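Here's the structure we're looking at; comments come further down.
Not measured: the values here are computed from a predicted model.
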Amino acid sequence: PEGLISIGDSSFYDCDNLSSIVIPSTVTEISFIFNKSISTLYYNGNMSDWCNINLAGNITTYVDSIYFLDESDETTLKYKTSNNIHMYSG
């Protein structure tokens, strides 16, 4: 929920059927190990806000797509492959 500031260790432990999550824009720290089933993230902020989050887990290992929901152009999709973030506008 909005207002959440930290997502801690084991937050999604044993959630094998969970394929995507929405991270509120108020989050400033993520310190959990991502479950291998989570392939898509929706972030309720923009890329600039995302880059200010303290990422202590392995978020870039398993996630295939990151959608930034607070962008002025709603058709903009940004996604991660390996350690690179790419942007496409449609």
Heavy-atom closest pair, residues G8 and S31: CA-OG, 3.6 Å

What one should report as the nearest heavy-atom pair of S37 and C15 is OG-O, 3.3 Å

Can you check side chain to side chain contact (heavy atoms under 4.5 Å, CB included) on F68 and D49, steps first, answer last? CA-CA 10 Å; F68 297 89; D49 296 335; over 6 Å; no

With rounding to the nearest 0.5 Å, note down the distance linking CG in N17 to CD1 in I38. 11.5 Å

To the closest 0.5 Å, what do you measure between CH2 (W50) and CG (L41)? 5.0 Å

Please set out all donor-acceptor pairs under 3.5 angstrom arising from side-chain atoms of residues 19-28, sequence neighbours excluded.
unit_1: S25; atom_1: OG; unit_2: E2; atom_2: OE1; d: 3.1
unit_1: T26; atom_1: OG1; unit_2: G3; atom_2: N; d: 2.8
unit_1: T26; atom_1: OG1; unit_2: L4; atom_2: N; d: 3.2
unit_1: T26; atom_1: OG1; unit_2: L4; atom_2: O; d: 2.7
unit_1: T28; atom_1: OG1; unit_2: I5; atom_2: O; d: 3.2

